[in-house]
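Read the structure below first, then the notes.
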Amino acid sequence: MSRKSADYMNPYLAGVLLGVVLTGSFLVFGHGLGASGGVASLTGAAESALFPGRAEKNAYLVNLVVSPESPLDNWAVFEILGVILGGLVSGWLSGRVRLETFHGPRLSARARWGFAFLGGAIAGFGVRLARGCTSSQALSGGAVLSAGSWAFMFAVFGGAYALAYFVRRLWT
Amino acid sequence: MFPLNLEVLGHAGTNALYVLTGFFFGFMLEQAGFGNSRKLASQFYLNDMRVLKVMFTAIVTAMLLLFGMEVLGLLRPGALYVNPTHLWPGIVGGLIFGVGFVIGGYCPGTSLVSMATLKLDGAFFVLGLAAGMVIFGEVLPLFQAFFDASGDLGEVTLPQALGLPAGVVVLLVVVMAIGMFFAAERLEAHFGKREKEPC
């Protein structure tokens, strides 16, 4: 692709616009935005399909599958469908849709895939323990001043900053 | 009066509205630069504080709009979902999440956007998320009591927890955010110069 990528938006402007989207979600649905819930529902449905009976024995995953007949009929699944579409259209308009791997200067793309998977697995575990992610807890709960969401948010930054020095070779 | 009554839209119409909401959400995450793990990770090396700026501007914007509408009587009292506080699972889960964030370079929403723009590291992060969630489900019985009951305070807000009027807490959050934005600009001016290679 020869087209030059556009610059990213000014972060304060992007924040205001994201805040407007978040407000809109509260005004329309009565709740904020979510990303991890949809991934969890898809994961539960995939586990049920691949290992019949397995997810059903797992009380935790049963809770994710809202309706046993159609486990994917869940608002969070529809929302992440939109997130993927919106990300694709934004990237396309800005010339950023291309097959590539973001990695630190000292890391090979292949090693980066491994660390991305590992980090994803750790984050996925943390998400379920904390009952939400940066979207559903930090942004959404933060805006309505949930005490637990603010505690979660500072814990996320705390955990990341505490480890950042030790994994600096991944990024710098 | 908000939130809206969506019964008139029916099930399919409501789901379409969720897809549309997600569309704007994903669009803004990508525009903010959050489809790029190097931009996200820069937050933790202090040379690009974009994560903090976008997150806190978004929180402050939504908080002020929602608080203003509540003061004006445009919101049905108690109609907005407030995440219940499970203090200790939230803090421990948050610390673990932060570790995954700095190793993997994404959070769930940003990894979806990254994958949507064909970034392979984003796609591997999404697969990792699914694996981590399955592992959580498998080992949860080992700490079920902690997950269910530890620090279970219900729907408690910061004004309730601190014993302050909501307006005062809103003001404190705004002041804290502005302070953090000034600090972020200073830190970027100091550490940002060391970043030579383009992202």
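Because the structure is predicted, anything quoted here is derived from the model rather than measured. Chain identifiers are assigned alphabetically (A, B, ...) following the order of the sequence lines, protein sequences preceding nucleic acid strands; residue numbering begins at 1 within each chain.
- Ranking B/Leu6, B/Asn5, B/Ile135, B/Val169 against chain A, the residue ahead of the rest is B/Leu6, based on heavy-atom pairs under 4.5 Å.
- Interatomic distance, B/Leu75 CG to A/Leu27 CG, rounded to the nearest 0.5 Å: 6.5 Å.
- At a threshold of 4.5 Å between side-chain heavy atoms, the hydrophobic network of Ile, Leu, Val, Met, Phe, Trp and Tyr places B/Leu9 and B/Phe2 in one connected group.
- Contact annotation: the side chain of A/Phe157 approaches that of B/Phe44 to within less than 4.5 Å [non-hydrogen atoms, C-beta and beyond].
- Residues B/Leu40 and A/Leu163 share a single hydrophobic cluster, defined by chaining ILVMFWY side chains whose heavy atoms lie under 4.5 Å apart.
- Nearest heavy atoms, B/Ala41 versus A/Trp171: CB-CD2, 3.4 Å.
- Between B/Phe143 and A/Phe125, the ring-plane angle classifies as tilted under the 30° and 60° cut-offs.
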task = Determine, step by step, whether B/Met28 and A/Met9 satisfy the side chain to side chain contact (heavy atoms under 4.5 Å, CB included) criterion, reporting the C-alpha distance in whole Å, the side-chain angles of both residues, the deciding distance to 0.1 Å, and the verdict.
result = CA-CA 9 Å; B/Met28 285 320 305; A/Met9 190 181 281; 3.8 Å; yes
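- A/Arg168 has its side chain within reach of B/Tyr45: a pair of non-hydrogen atoms, C-beta onward, lies under 4.5 Å apart.
- Interface summary for chain A: among B/Ile96, B/Leu158, B/Thr85, the most heavy-atom pairs under 4.5 angstrom belong to B/Leu158.
- Residue-environment remark: CD (B/Glu70) stays at or below the threshold of 12 foreign heavy atoms within 6.0 Å.
- Of the inter-residue distances, the one linking B/Tyr106 atom OH with A/Thr134 atom OG1 reads 13.5 Å to the nearest 0.5 angstrom.
- In terms of heavy-atom pairs under 4.5 Å with chain B, the best-connected choice from A/Gly30, A/Ala46, A/Ser140 is A/Gly30.
- Counting heavy-atom pairs closer than 4.5 Å to chain A, the top-ranked of the candidates B/Gly109, B/Pro84, B/Gly122, B/Gly33 is B/Gly33.
- Ranked by heavy-atom pairs under 4.5 Å with chain A, the list B/Ala79, B/Ser114, B/Gly105, B/Pro108 is led by B/Pro108.
- If you chain together hydrophobic residues whose side chains sit under 4.5 Å apart, B/Leu142 and A/Val127 fall into the same group.
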Verdict with supporting geometry, B/Phe181 and A/Tyr12, ring-ring contact (aromatic ring centres under 6.0 Å, His included) = CA-CA 9 Å; B/Phe181 296 151; A/Tyr12 298 112; 5.2 Å; yes
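- Under a 3.5 Å cut-off, the side chain of B/Thr57 and the backbone N or O of A/Gly15 do not form any donor-acceptor pair.
- Linking ILVMFWY side-chain heavy atoms closer than 4.5 Å, directly or via other members, places B/Leu65 and B/Val174 in two distinct hydrophobic clusters.
- B/Val60 does not touch chain A: none of its heavy atoms, backbone or side chain, sits under 4.5 Å away.
- With chain A as partner, the option from B/Arg76, B/Gln43, B/Met69 having the largest number of non-hydrogen pairs under 4.5 angstrom is B/Gln43.
- In this structure, A/Arg128 fails the cation-pi test against B/Phe97, since its NZ or CZ atom is not both closer than 6.0 Å to the six-membered ring centre and inside 45 degrees of the ring normal.
- Taking the side chain as every heavy atom from C-beta outward, B/Cys107 and A/Cys133 never approach each other to under 4.5 Å.
- In this structure, the separation between CG on A/Leu18 and CG on B/Leu29 is 6.0 Å, given to the nearest 0.5 Å.
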request  = Could you give me the CA-CA distance, side-chain angles and deciding distance for A/Tyr161 and B/Leu46, then say whether side chain to side chain contact (heavy atoms under 4.5 Å, CB included) is met?
outcome  = CA-CA 10 Å; A/Tyr161 275 110; B/Leu46 307 177; 3.7 Å; yes
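- Summarising the geometry, atom CG belonging to A/Leu145 is positioned 9.5 Å from atom CG belonging to B/Leu162; distances are rounded to the nearest 0.5 Å.
- Among A/Leu170, A/Leu22, A/Leu99, A/Leu85, the residue with the largest count of heavy-atom pairs under 4.5 Å with chain B is A/Leu99.
- With a threshold of 4.5 angstrom between heavy atoms, A/Ala138 approaches chain B through its backbone and through its side chain.
- Between the side chains of A/Arg112 and B/Ser37, a donor-acceptor pair is found at a separation under 3.5 Å.
- With a 4.5 angstrom heavy-atom cutoff, B/Thr157 touches chain A via backbone and side-chain atoms both.
- Taking each heavy atom of A/Ala40 and B/Met133 in turn, the nearest pair found is CA-SD, 3.5 Å.
- Between B/Phe124 and A/Trp113, the ring planes lie parallel to each other; the angle is under 30°, not in the 30° to 60° tilted range.
- A 4.5 Å side-chain heavy-atom check between B/Ile59 and A/Trp150 finds at least one atom pair inside the cut-off.
- Annotation: maximal heavy-atom pairing with chain B below 4.5 Å, among A/Asp7, A/Val28, A/Val144, A/Val167, occurs at A/Val28.
- Nearest approach of A/Val21 to B/Phe25, heavy atoms of both residues: CG1-N, 4.0 Å.
- B/Ile91 places none of its side-chain heavy atoms less than 4.5 Å from the side chain of A/Phe152.
- Side-chain contact check for B/Met55 versus A/Met153: some heavy-atom pair is nearer than 4.5 Å.
- Judged by distance alone, with hydrogens and angles left aside, the side-chain atoms of A/Arg131 form a donor-acceptor pair with the main-chain N or O of B/Phe147 at under 3.5 Å.
- Annotation: A/Phe78, atom CZ; neighbour count of heavy atoms from other residues, nucleotides and ligands within 6.0 Å is above 12.
- Chosen from B/Leu66, B/Thr14, B/Val113, the residue pairing most often with chain A at heavy-atom distances under 4.5 Å is B/Leu66.
- Looking at B/Asn83, its side chain does come within 3.5 Å of a backbone N or O of A/Ser136 through a donor-acceptor pair.
- Across A/Phe29, A/Phe26, A/Phe115, A/Trp75, the residue that shares the most heavy-atom pairs under 4.5 angstrom with chain B is A/Phe29.
- Residue B/Phe67 does not touch chain A at all, counting heavy-atom pairs closer than 4.5 Å.
- Interface remark: of the candidates A/Val16, A/Leu88, A/Leu13, A/Val16 forms the most heavy-atom pairs closer than 4.5 Å to chain B.
- Of the residues considered (A/Leu17, A/Leu118, A/Leu81), A/Leu17 shows the highest number of contacts with chain B, using heavy-atom pairs under 4.5 Å.
- For the pair B/Ala116 and A/Gly87, the tightest heavy-atom approach, listed with the atom from each and the gap, is CB-C, 4.4 Å.
- B/Phe182 and B/Leu52 fall within a single hydrophobic cluster, where Ile, Leu, Val, Met, Phe, Trp and Tyr side chains are chained together by heavy-atom contacts under 4.5 Å.
- Inter-residue side-chain proximity for A/Ile84 and B/Phe23 is flagged as unmet; no heavy-atom pair is nearer than 4.5 Å.
- Residues A/Ala151 and B/Leu87 come closest through the heavy atom pair CB-CD1, 3.8 Å.
- Taking CZ of A/Phe102 as the reference point, atom NZ of B/Lys39 lies at 10.0 Å (rounded to 0.5 Å).
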query = Can you list the steps and then say if B/Thr21 with A/Glu79 is a side-chain hydrogen bond (donor to acceptor under 3.5 Å, both in side chains)?
reply = CA-CA 7 Å; B/Thr21 304; A/Glu79 186 147 311; 5.2 Å; no
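- The shortest non-hydrogen separation linking A/Arg98 to B/Lys119 is O-NZ, 3.3 Å.
- One distance of note links OG of A/Ser146 with CG of B/Leu80; it measures 12.5 Å at 0.5 Å rounding.
- At a 4.5 Å heavy-atom cutoff, B/Leu74 makes no contact with chain A through either its backbone or its side chain.
- The shortest distance between side-chain heavy atoms of A/Leu129 and B/Phe146 falls below 4.5 Å.
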